[in-house]
Amino acid sequence: MIQVIRYLKGYLAIKVFGFSPERFMNLCSNHNIFLWDIENHGDFYTMKISLKGFYRLRGITRKTGTRVVITKRYGLPFLSLQMWKRRIFVCGLLGSLIFWIWMSGFIWAVEIEGNYYVTTDVFQDFLISSGFEVGMKKSEVEIEALEKAIRNEFDIVTWTSARIDGTRLLIQVKENDLILPEDDEAKVPEGEGIDLVADKDGEIVSIVTRSGVPKVTAGILVQKGDVLVEGGVPIMNEDGTVKRYDYCRADADIMLRCIYQLKDEIDEQYEQKQYTGNERKSPFIMFGTKKIKLPSIGKEYDEYDVIEEKKQLRLFENYYLPVYIGSDLVREYVVEEKIYSQNEVKKLFEERIQKFIETLQEKGVQIVEKNVTINKASGVWKMKVDFLAIEKTGTEKKTQLVQVEEAQQEEEIQE
């Protein structure tokens, strides 16, 4: 505590030499001038004295025939004096400090972790449309509202957590690759049934019914919209007439043989980029979205591609700044006119066919056989593919069955 007080008031390190340094120290003691850290160096003494005490030494040095030399200054009064001499630098330092404090009140980076099915670009677009974007004030970020908005927008997101670290908004999500079905029974209003209808034309391969009344068998040709399983079980009278229907949700495994078609075209003549190997880098600095290009060395190219590489500046781990440094890699190329050979066209079509098959297989469609036709007309290669496939069918639709009692009442009213 004493050291703090001395620093605030200021003190000096002095060297005392001359006729009688010892008498000098005795007179200081008699006049209540405190000296400390006294060291004898033979021809002189060194010690420390308060700033206030130093100004009272003039009479004492005259009486003792000694000389006092200041060797070092300590304390806030001397620091303030040095700062005043460098006031322009100090003002700049304070201005910078105020600027960084002000900047720390904004979000300058948004990071998303844990997303696989929903891409980062989709998340970023959603956040911007919802008002959560780079440059917004921290005080405007409502964490609970953000988490709720994400869960409402993306059904596959089962858990989300958002927090602010420094100037970074970190959003962590967890996706569920298995979407649990809703309670089927809750979907069926009381007194109504649900049929299963064909969602495309084809031939029934097999049917296994769990609930409802099947209306088709294996080998039957059906058209889109035909009822495959009725969502009403008839209760019969003794005379064989329908007394009423017990409504239910039709449930069955129905396999359908159907046709898929794929058509595609490729121009025989095409343009191909040939890179010359000439490259140059164009450095830049970005402040927010404003890009300032620095002078680059090298000639301009007529045809070129640009690859941008940039890095966001930050102080410490999570204190991001709205400043980016980077460079544009400019690669020169020339365009050559080329013509596809028959083998090249065949290879390109095969790749597109394979992608189409993979898309169908992801939906559970089994490809039995395919018939490919490729021909060329007026400089255009054309492809047509017929796929014979087997897939599960059955789309839910409200049943058209009307209860017998209701039908009789309608007839009586009409009469």
Please walk me through it: do Phe126 and Phe132 pass ring-ring contact (aromatic ring centres under 6.0 Å, His included)?
-> CA-CA 9 Å; Phe126 166 72; Phe132 299 94; 8.1 Å; no

Salt bridge flag under 4.0 Å for residues Asp264 and Lys382 | no

Flag if over 12 foreign heavy atoms under 6.0 Å of CZ, Arg56 = yes

Salt bridge check: are Arg163 and Asp165 linked by an N-O gap of less than 4.0 Å?
-> yes

Going by the angle between their ring planes, with limits at 30° and 60°, are Trp108 and Phe106 parallel, tilted or perpendicular?
-> tilted

Mind checking whether Glu350 and Gln354 have side chains closer than 4.5 Å, heavy atoms only?
-> no

Residues, nucleotides or ligands: over 12 heavy atoms within 6.0 Å of Glu133 CD | yes

Using the side chain to side chain contact (heavy atoms under 4.5 Å, CB included) rule, take Thr64 and Met25 through it: C-alpha gap first, then chi angles, then the decisive distance, then the call.
-> CA-CA 10 Å; Thr64 58; Met25 289 184 284; over 6 Å; no

Separation between OG of Ser341 and CD of Glu268, rounded to the nearest 0.5 Å = 10.0 Å

Test the Lys48-Tyr11 pair against the cation-pi criterion, namely NZ or CZ under 6.0 angstrom from the six-membered ring centroid and within 45° of the ring axis.
-> no

Does atom CD of Glu308 have more than 12 heavy-atom neighbours from other groups under 6.0 Å away?
-> yes

Is any side-chain N of the basic residue among Glu391 and Lys200 closer than 4.0 Å to the acidic one's carboxylate O?
-> yes

Between Arg151 and Thr160 the two heavy atoms that sit nearest each other are NH1-CG2, 3.2 Å

Asp43 atom CG, over 12 foreign heavy atoms within 6.0 Å | no

Within a strict 4.5 Å, meaning less than it, do heavy atoms of the Glu396 and Leu196 side chains meet?
-> yes

Between Tyr275 and Arg331, is there a cation-pi geometry (under 6.0 Å to ring centre, at most 45° from the normal)?
-> yes

Going through the distances and angles, do Leu329 and Glu279 end up as a side chain to side chain contact (heavy atoms under 4.5 Å, CB included)?
-> CA-CA 7 Å; Leu329 178 61; Glu279 298 179 351; 3.8 Å; yes

Ion pair Glu192/Arg249, N-O distance below 4.0 Å = no

Min side-chain heavy-atom separation Phe284-Met286 under 4.5 Å | yes

Thr399 (side chain) donor-acceptor with Leu401 (main chain) under 3.5 angstrom = yes

When every non-hydrogen atom of Val213 is compared with those of Gly232, the smallest separation belongs to CG2-O, 3.5 Å

Between Gln274 and Gln272, do the side chains contain an N or O donor and an N or O acceptor separated by less than 3.5 Å?
-> yes

Please tell me if the side chains of Thr66 and Phe17 come closer than 4.5 Å, counting only heavy atoms from C-beta onward.
-> no

Does Leu348 reach the side chain of Tyr340, with side-chain heavy atoms less than 4.5 Å apart?
-> yes

Do Thr276 and Glu332 meet the criterion of a side-chain donor-acceptor pair at a distance under 3.5 Å?
-> yes

With sequence neighbours left out, what residues match Thr393 under side-chain contact (heavy atoms from CB on, under 4.5 Å)?
-> Asp199, Leu228, Ile254, Leu256

Grab the two heavy atoms, one from Ile207 and one from Thr217, that are nearest each other, plus how far apart they are.
-> CG2-CA, 4.4 Å

Taking the six-membered ring of Phe387 (Phe, Tyr or Trp), confirm whether the NZ or CZ of Lys370 is under 6.0 Å from its centre and within 45° of its axis.
-> no

Stacked cation flag Arg280 on Tyr301, 6.0 angstrom / 45 deg | yes

Of the non-hydrogen atoms in Lys392 and Ala252, which two are nearest, and what is the gap between them?
-> CE-O, 4.2 Å

Are Lys310 and Tyr324 in a cation-pi setup, meaning NZ or CZ lies under 6.0 angstrom from the ring centre and within 45 degrees of the ring axis?
-> yes

4.5 Å side-chain heavy-atom contact, Ile49 and Leu57 | yes

Determine whether more than 12 heavy atoms belonging to other residues, nucleotides or ligands lie under 6.0 Å from atom CZ of Arg210.
-> yes

So do the side chains of Tyr320 and Glu111 get within less than 4.5 Å of each other, counting heavy atoms only?
-> yes

Selection residues 13-28 - residue pairs positive for salt bridge (Lys or Arg N to Asp or Glu O under 4.0 Å), sequence neighbours left out | none

Any side-chain heavy atom of Thr373 sitting closer than 4.5 Å to one from Val385?
-> no

Salt bridge present between Asp195 and Lys398 (N-O < 4.0 angstrom) | no

Are Asp201 and Gln223 close enough that a side-chain donor and a side-chain acceptor fall under 3.5 Å?
-> no

